[in-house]
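One-based numbering, in listed order, for ligands and for the atoms of each. The structure presented is a predicted model; accordingly, all values stated were derived computationally and were not measured.
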Amino acid sequence: MATYDHLQPPTSGETITQTADGLRVPDRPVIPYIEGDGIGPDIWAAASRVFDAAVASAYGDDREIVWFEVLAGEKAHDQTGEWLPEDTLQAMREYLVSIKGPLTTPVGGGIRSLNVALRQKLDLYACVRPVQYFAGVPSPVKEPEKVDMVIFRENTEDIYAGIEFEDGSDDAERFKALLKENFPDRFQNVRFPDTAGFGIKPVSKEGTERLVRAAFDYAVAEGRDSVTLVHKGNIMKFTEGAFRDWGYELADREYGAEKLDGGPWRQFTKDGVTVTVKDVIADAFLQQILTRPDEYGVIATLNLNGDYVSDALAAEVGGIGIAPGANINYNTGVALFEATHGTAPKYAGQDKVNPSSVILSGEMMFRYMGWTEAADAILRAMEATIQSKRVTYDFHRQMTGATKLKTSEFADALIENL
Ligand SMILES: NC(=O)C1=CN([C@@H]2O[C@H](COP(=O)(O)OP(=O)(O)OC[C@H]3O[C@@H](n4cnc5c(N)ncnc54)[C@H](OP(=O)(O)O)[C@@H]3O)[C@@H](O)[C@H]2O)C=CC1
Ligand SMILES: O=C(O)CCC(=O)C(=O)O
Ligand SMILES: [Mg+2]
């Protein structure tokens with residue numbers, strides 16, 4: 001067992017392990033969690049009660065989660081002087097499956113995103129964000145039930161690698177000098193070189209292939225009939241365009257895909273499931289998910305596109321208050337489940353916001369662990385509670401005849417409906 005500088009792991013419970021046959025999940029697994037900043041403590045207090053109740057309702061006394069609080073963000077800084085202590089990363093590696101609330105990232109200067117740092121340091125290359133509609137949820141579109149997509153967002157590359165040079169800094173001057181000397185024709189394209197900041201967008205073949213492979217495997221496992229590569233390859237040819245090309249090549253090489261009508265769309269069949277592999281340019285995709293969402297199932301895309309697309313799609317099915325997510329490395333088995341939204345600081349401590357995003361992330365976590373009965377119980381409770389029109393402020397303001405519940409009361413209602 002690993003040793004920790006600041007943390008005290010639970011003395012009961014067992015470790016989830018990765019075996020050649022997949023995850024081995026004991027009946028009393030230790031699961032590290034980060035409460036999160038801002039509204040994090042409000043939603044975590046609600047969610048953890050729902051998780052324990054779902055496990056109890058599905059398995060009685062036979063199974064139980066042994067929660068292990070690990071620190072990141074403001075709470076970590078207050079207690080240890082560090083924003084993301086090494087102990088936290090070590091616990092997530094050791095126990096494999098963990099869950100977190102949102103963490104603050106200042107805009108402009110200050111610390112880089114702790115959320116992004118967790119994904120990169122743990123190499124959680126697939127950000128998986130399902131977007132599904134629950135009957136009764138208020139939506140700005142006419143037929144929200146047509147939205148049923150699962151986004152696979154590349155999670156370790158793209159502009160999120162954080163290679164940026166601030167206007168006026170020594171680094172920016174050195175970077176500009178390098179560009180001017182080695183690539184004079186391209187340097188001429190910098191319209192205002194004296195005041196430009198610069199960002200670099202690395203996108204690799206390995207990074208693309210492991211993400212797209214995860215999307216293909218998911219489509220086969222779940223019987224989904226299409227995977228769409230979403231990119232802006234017409235403009236960013238050697239990053240976003242390469243993502244598309246590498247994705248198609250992977251389909252051909254590893255899945256035996258055949259071109260449809262001369263291509264570029266492809267089709268392959270695996271384990272009895274026929275999957276169409278297609279691509280669409282990101283801006284066109286953003287209008288088509290409003291006009292023809294039922295043409296899309298599994299989405300594979302780059303990091304920044306995935307960030308935009310996941311919030312846009314979440315809005316169609318009730319907003320980011322209900323959109324769950326997971327960050328997964330399918331090779332090591334390490335997985336960190338997390339709400340899609342941020343810390344919503346103006347609502348912190350008010351027991352007001354919707355805890356569904358982190359609760360449905362827990363539903364994904366149970367499914368990943370093979371605890372499908374607990375996951376199903378959460379889904380049933382969510383459907384029943386929304387249909388009885390007992391909802392938090394975000395849904396209440398868009399619904400007629402609904403009862404407005406606090407975060408904690410919404411958790412009580414879910415538990416009643418488990
Ligand atoms: N994975 C993570 O941890 C993430 C962290 N962040 C960080 O969070 C901070 C704040 O970011 P910001 O851009 O304001 O985005 P937020 O997601 O925190 O909030 C934006 C708006 O979304 C709505 N919202 C968010 N969460 C909920 C919820 N649980 N229930 C109901 N409504 C909700 C609220 O809308 P309304 O005002 O209409 O009520 C809120 O004002 C930043 O530091 C950002 O970097 C952002 C995204 C993800
Ligand atoms: O890390 C952040 O602050 C933002 C992350 C984000 O927007 C996301 O994961 O969707
Ligand atoms: Mg986001």
Side-chain angles (χ1 to χ4, degrees), residues 33-47 72-76 83-84 98-122 124-129 131 137-138 140 151-156 158-162 301-315 317-328 336-362 386 391-399 404-411:
Y33 71 93
I34 296 169
E35 198 179 50
D37 298 326
I39 55 171
D42 305 54
I43 59 173
W44 179 255
E74 286 156 12
K75 200 167 178 180
W83 294 101
L84 181 54
S98 43
I99 184 162
K100 68 178 274 292
L103 294 168
T104 301
T105 308
V107 176
I111 50 163
R112 283 209 172 270
S113 166
L114 300 172
N115 306 300
V116 173
L118 278 162
R119 297 167 194 164
Q120 290 180 341
K121 284 178 187 286
L122 298 169
L124 304 174
Y125 60 84
C127 178
V128 184
R129 292 183 166 174
V131 189
V137 169
I151 301 159
F152 280 72
R153 165 188 177 191
E154 202 291 321
N155 224 6
T156 60
D158 202 348
I159 55 145
Y160 286 72
T301 192
L302 300 98
N303 209 336
L304 182 61
N305 297 339
D307 198 2
Y308 294 156
V309 161
S310 55
D311 277 25
L313 275 171
V317 295
I320 49 181
I322 195 172
N327 304 286
I328 303 176
L336 172 58
F337 294 80
E338 71 171 335
T340 297
H341 60 73
T343 54
K346 67 184 177 186
Y347 296 131
Q350 294 179 26
D351 194 19
K352 171 176 174 128
V353 294
N354 192 339
S356 299
S357 178
V358 77
I359 290 172
L360 291 172
S361 302
I386 290 168
V391 292
T392 45
Y393 87 97
D394 50 328
F395 286 3
H396 179 262
R397 69 186 167 190
Q398 303 172 68
M399 281 165 99
K404 183 160 77 171
L405 302 183
K406 294 173 183 290
T407 311
S408 54
E409 293 168 340
F410 184 72

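- For ligand 1, the atoms lying closer than 4.0 Å to a non-hydrogen atom of P102 are 3 (O).
- Atoms of ligand 1 found under 4.0 Å from any heavy atom of G321 (numbered from 1 in listed order, with element): 28 (C), 30 (N).
- Residue contact check: R119 has heavy atoms under 4.0 Å from atoms 8 (C), 9 (O) of ligand 2.
- Geometrically, ligand 1 and T104 share no nitrogen or oxygen pair separated by less than 3.5 Å.
- Looking at every heavy atom in both residues, V131 comes nearest to L313 through CG1-O, 3.6 Å.
- Closest of all the heavy-atom pairs between V358 and A47 is CG1-CB, 3.5 Å.
- Atoms CZ and OG, on F410 and S356 in that order, are 4.0 Å from each other to the nearest 0.5 Å.
- Heavy atoms from both the backbone and the side chain of T343 come within less than 4.0 Å of ligand 1.
- Polar contact with ligand 1: present for G342 (N/O pair, distance under 3.5 Å).
- Contact between T340 and ligand 1 is present, with at least one heavy atom of the residue lying under 4.0 Å from the ligand.
- Proximity of a side-chain donor or acceptor of Q398 to a complementary backbone N or O of P140 within less than 3.5 Å is not detected.
- A donor-acceptor pair under 3.5 Å is formed between the side chain of N115 and the backbone N or O of L103.
- The distance from ligand 1 to the heavy atoms of A344 drops below 4.0 Å at these ligand atoms: 18 (O).
- Protein heavy atom in closest approach to atom 4 (C) of ligand 2: N115 ND2, 4.5 Å.
- Less than 4.0 angstrom separates some heavy atom of R153 from each of these atoms of ligand 2: 8 (C), 9 (O), 10 (O).
- The contact set between ligand 1 and E338, taken as ligand atoms under 4.0 Å from a residue heavy atom, comprises 1 (N).
- Contact annotation: the side chain of I34 never approaches that of W44 to less than 4.5 Å [non-hydrogen atoms, C-beta and beyond].
- Looking at R129 next to ligand 2, an N or O pair under 3.5 Å apart turns up.
- Contact analysis puts R397 in contact with ligand 1, with a non-hydrogen atom separation below 4.0 angstrom.
- By the 4.5 Å heavy-atom criterion applied to side chains, V116 and T105 are not counted as neighbours.
- Proximity to K346 (heavy-atom distance under 4.0 Å) selects the following atoms of ligand 1: 37 (O), 41 (O).
- The nearest pair of heavy atoms linking A117 to L84 is CB-CD2, 3.9 Å.
- Taking any N or O of I43, backbone or side chain, none lies under 3.5 Å from an N or O belonging to ligand 1.
- Between Y393 and Y347, the two ring planes are tilted [angle within 30° to 60°].
- Residue-level proximity to ligand 1 for N115 is carried by the side chain, the only part with a heavy atom below 4.0 angstrom.
- At a threshold of 4.0 Å, the pair R153-D307 counts as salt-bridged, since one of the basic side-chain nitrogens sits closer than that to a carboxylate oxygen.
- Interface of V353 with ligand 1, defined as ligand atoms under 4.0 Å from a residue heavy atom, comprises 28 (C), 29 (N), 30 (N).
- Between F152 and A126, the closest heavy-atom pair is CD2-CB, 4.4 Å.
- Residues P324 and F337 have side chains not in contact (no heavy-atom distance under 4.5 Å, counting atoms from C-beta outward).
- When atom types are taken as modelled, the side chain of S357 and the backbone of A323 share a donor-acceptor pair closer than 3.5 angstrom.
- The two residues M399 and V391 come nearest to each other via the heavy atoms SD-CG2, 3.9 Å.
- Judged by the shortest distance from any of its heavy atoms, H341 lies outside the 4.0 Å radius around the atoms of ligand 2.
- The N/O atoms of I320, backbone and side chain alike, include none that comes under 3.5 Å of an N/O atom in ligand 1.
- The closest protein non-hydrogen atom to atom 7 (O) of ligand 2 is D307 OD1, 3.3 Å.
- The closest heavy-atom contact to atom 1 (O) of ligand 2, among the options A323, G306, A339, S113, comes from S113.
- Within the protein, the number of N/O/S atoms found under 2.8 Å from the Mg ion (ligand 3) is 1.
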Full working for side chain to side chain donor-acceptor pair (under 3.5 Å) between T343 and D37: CA-CA 6 Å; T343 54; D37 298 326; over 6 Å; no

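- For the pair A339 and S361, the tightest heavy-atom approach, listed with the atom from each and the gap, is N-OG, 3.7 Å.
- Two residues are said to be in side-chain contact when any heavy atoms from C-beta on lie closer than 4.5 Å; N354 and T407 fail this criterion.
- The single protein non-hydrogen atom nearest to atom 3 (O) of ligand 2 is T105 OG1, 2.7 Å, given as residue, atom name and distance.
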